[in-house]
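Worth saying up front: this structure is predicted, and the values here are computed from it rather than measured. Labels below follow one simple rule: chain letters A, B, ... track the order of the sequence lines, proteins then strands, and each chain is numbered from 1.
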Amino acid sequence: MANPVTNWIAFLRKYGPIAQNDNMYDEHLRKSSKRLGIRPIEFAHPAEEEVLSLFKEDAPQLASVILTGTAGDGKSHLCGKVWKQIGGDATEWNSDDIYYRKSAILSGKPVSIHIIRDLTALPETDDRGRYFQKRDVLELFCTSLLDPSPSDIFLIAANDGQLVESWQRLGDKEVFLKTRTLFESLLVEDLQEKPGVSLRFFNLSRVNSSILLDLSLEALLSHEGWEECYRRGAGEFEFFGSRCPIRHNYELLNTPLVKSRLRALFELCEYNDLHIPIRRVLLLLANAILGHPEAKDRLMRAGDIPAIIKNGTTYKASLFNNIFGGNLSDTRRESLEVFQNLNKLRIGQETSNRIDNILIFGHADEILRPYFDRYLAADHFYGADENYHAAQREYLEGSDEGNANSQAFLDLLIGQRRGLFFKVPEDQEQEMTLWELTVFRYAGEYLSRVIAMLKAGGKVERAIMSRLVRGLNRVFVGMLISSDREVILAKGLSYTDARVCPLLEERISVIPRLGEKVEVIMPSEKPVLRISLSNSLVCDLPLNLTRYEFLSRVAEGALPSSFSKECYEDMLAYKSQVLRALSKRPQEDKPDMTFRLLNIDEHGHPAEEIIEVSND
Amino acid sequence: MIDPSIIIDPPRPSDHPDNLLWVDEQIWGHRLWDSQSSWLVFLEFLNLAEACLREEKLLEEGGCYYPLSFKPYKRMHLRNILFNNEKLSEVALRVPDNESAWAEWLEWMADNAKGATGGFSYLKTRFPSFHEFSALIGMLKSSAVESDTNRRWSSRFVFPFGPHGLYEDLNITPSGSVSREYINFGLTGELLYKMLSRSEKKEQVRPYLARMLSGENPWDKLLLRLQPDFSNDLATRGNSFLPYRAHASFDRLGEDWLSVCELQLPGFDSFPFLVTLSAFHVVLYQLTLGSQWNEEEQKPFFVCEVLAPKKTLIRELAGTSYQRNNLLTLQTVENYIRRIEQSQEWQSATQQPGSFELCRQLLIDQVRWPKDPEDYDGCNDPQTLLWELRRVAKNRHQQHAGNVHRNYGRDIGLISKRGTNKLRYAPNDSLLKALVLANVRTRMEYNEFLSRLYNRYGLIFGDRQAEVVLEKGEFDKKAFQANSVRLEQRLGSLGMLRRLSDACAYVQNPFSTRS
């Protein structure tokens, strides 16, 4: 039954985590779009405007451009737009050729523009005789980069791994080595350009994932396919009727609260240096709306709905669970980076007493009943339905034999916790201990009191600074020190990174004093903890979400090596960096053998014992 | 086969009167000692280095490869104060008054200190406060190297802050007589020093080593203050022997030393890495030489498991790889004997009248056995004599030199039983860290890193390297790829890996001097 509505759903499924999607993604989508007569979900990539501005007659400067990123970020598509802008022929572009060349005027100068739409697919020799060998083109590219006023401009699209590998294979000629080091530096340090080089680097998958989410959501939710679905009109037990989970999921996704929580999740990933490319964002959204563990490929089709409603398995299509890939098989979920990233937050597995009390006992407890009603009973789709209550009874009162039954309830709890994350409104966040639903208990604070504060030009409040400094001190010293007004740089006798450090090297004041200070600032997109030893000596520690959580937990009593070993190692490396910088600071002359021993009293306050040994 | 021009002639037999058989020694040197931990190797090395620096001949043998005589310190006073001194903390706790505390302690030391002539009263003038003195000694003791082992007090070593903390291993009897034994400082440290002196990078390493031995820090100065001004009684040592003028494994050792030193880590932070890497290079030296003498085409390799939660194919292969290498040196010894048997001289000696006596003399010339009548009391037949030699040589090898691979490997974290009940190659975090510091200057693409680990050391983690050395039947691409992914995660948890995308990851050195 080929009608626009079923076609729309069928097309939407193609964006989801079905097996065929791993390779030839664009191909499939293009073909499906044509076949089904549906417009693809698309939007202008945030980098598009900037890239296009470099290929205008009045471009501010002459620079070659490299577009990198993972597959599906729209590199090839963007190249096509540039080609069109410089007056290239559209039919020529559709020929699927890899190398294009045209003369044009950029930045007021006539130049030759070369476009390579896929670096690894560049043929070794050119059948139109425009270049002799692949190496020659790339060599020309490298030389043009180092030329302050080049007459050849390049636009090259390549995945980052391929870029590095291709240059490795070019060999050891000086110009190749130089550009290779340049690329590595740009890639690893996440930069766009370097002085003295006519190059702009655009990593399309490095655009802030939450911006991509916004654009994707907008493009998806406003697609005309949905209008069609509404227009059709449907009965209660039919597709897109009042009991249809697909419709419910779509409407939920359109609510401000769900959007804002989803955005927060993406932001947290972003601040944890986890990137989610466009293709994967669309995959997540398609899966969120259509996911159901018993459907074919785990994604519902329009025709599945009547049966699902009749069998009472609507609750399994929970949007909240689907967002985390809960509808997928373990292997499938683990193979997709986007779900791995979101699941690092462990929403569903983490909880607090308050939350679980509401979920498990709320229906029977006088005080908790209102919460239970509001969040679970009121949700007729994914809240506490008959199925839930039955499993709950079994769990609470059931026999000891057969773990399977109580396991069923525990699985349901995971779904409910995830639901809570998207249902608790902002004004109830504190009371409902919302962020304890994630492994980053301090995430809410991080977003609102650190990031938002810094973005608005303010300073991070004193209480938070104190906590961070206390955590840092506990790692640096290795003892339960409670000092938060200064950073204590301590070392072990033999090693600076010993677990316990009884020797005091220096105390750095948090409040600005004689050039010293400790602060959290945001010089670029991400927050940074900065220890200033003097006006010119500073040491920065990028303060991503994990490190923030780590320091906060250590400040509250956790052992440094328990939450994250990687963080612990990072802190020790940072300490080493600070100690090295300290040695560059002009020292006052001290007698040769002065030993500053660090002792901690029972309240955690540091006391210094100085032993001086004379030399005569 | 080994280039004969790099082989050095063995020393006179009279230099090593207690030596029963000279086979291991000619192949690898006198000597590779299995019961010497990596830290003890390092300390022995530092002692020799310091003595050479004193003679202004640091890392400079001056073309004379044997003997290298030197005069290490004994520092009897220091050792007694630090390690033969239960009374100190007890007196500090019990006696609040300074004068009485000093009096009581000095009296106890007069009775109980061993081998230290001249008394300890100089300490009282230099450290007016007994309690401060006690606190400082407590700190120095806590820095002791390998403090958790159960060695005798005269074999305990303070952390090598500088030259004033270096002293050789000694046996000190209750009556106070002092002798050098070779159970802790087994001479491998001396071999390490000679290897470094014969490496290509020795000129560049020299200034860093000199700085390590300069003692420009408060702790070394403190150690000096703890010792009397009157001279040490220095004895001359130096009968270790390294049979090669030059070798690629010496150069490799030098390169790694230089890489770590150039990072200029603060304080003594570079020491643990140098300790680990040095011991690793000793193992590589032994296996490489063994393999070259065996005339094997394939250099020694190590299939390494990155610890997995359950048993994988890699674990099995890592175990087999370990077993193979563990038997390698024994094979070298056997081949050495076999070469004697097949040699021109032996063959012609067996044909002549009085063959047994000729053969016996031949063996004494070549391997210094059987010198004493009790060394061999079997039939007067060359064949039986040779069989006995083979038996004695293998036995002797398996008592000491043959255990170096296993013992040092376990010590540096290359070999372990963790998660299973058999030994196999499973590098631990500190070894991985040392390898990154020695090989990655700032950053290196991950696959390039794996490739480098194989080319320089023979370490195999990933499929590309495994494919080259393993038999088709043993090789499983997926298993090795999974192993490689686990290594990436491991390096990530050490803060040494930056993943860019699915296809691209970089190993980073967190201590690189370039910011």
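- Listed options A:E165, A:Q168, A:Q577 were ranked by heavy-atom pairs under 4.5 angstrom with chain B; first place goes to A:Q168.
- Contact count against chain B (heavy-atom pairs under 4.5 Å) is highest for A:L187 among A:T594, A:N203, A:L187.
- Using a 4.5 Å heavy-atom cutoff, the side chains of A:S583 and B:P266 are not in contact.
- Between the side chain of B:D269 and the main chain of A:T496, a donor-acceptor pair closer than 3.5 Å is present.
- Contacts between A:F595 and chain B at a heavy-atom distance below 4.5 Å involve the side chain alone, from C-beta outward.
- There is no contact between A:T68 and chain B, counting heavy-atom distances below 4.5 Å.
- Salt-bridge formation is not detected for the pair B:R498/A:E189: no Lys NZ or Arg NE/NH1/NH2 atom is positioned less than 4.0 Å from an Asp or Glu carboxylate oxygen.
- Contact annotation for A:P502: only side-chain heavy atoms (C-beta onward) come within less than 4.5 Å of a heavy atom of chain B.
- Per-residue heavy-atom pair counts under 4.5 Å with chain B were compared for A:D570, A:V164, A:V188, A:L579, and the maximum is reached by A:V188.
- If you measure heavy-atom distances from A:V613 to chain B, the contacts under 4.5 Å come from the side chain alone.
- With a 4.5 angstrom heavy-atom cutoff, A:I610 touches chain B only via backbone atoms.
- Heavy-atom distances place the side chain of A:L503, and not its backbone, under 4.5 Å from chain B.
- Only the side chain of A:E569 comes within less than 4.5 Å of a heavy atom of chain B; its backbone N, CA, C and O stay farther away.
- In this structure, B:C504 and A:Q162 have side chains that are not in contact, with every pair of non-hydrogen atoms separated by 4.5 Å or more.
- Residue A:L597 touches chain B through its side chain alone, counting heavy-atom pairs closer than 4.5 Å.
- Between B:F511 and A:R580 the shortest side-chain heavy-atom distance falls below 4.5 Å.
- Looking at A:E612 and B:R225, no side-chain N of the basic residue comes within less than 4.0 Å of a carboxylate O on the acidic one, giving no salt bridge.
- Looking at B:N509, neither its backbone nor its side chain comes within 4.5 Å of chain A, counting heavy atoms on both sides.
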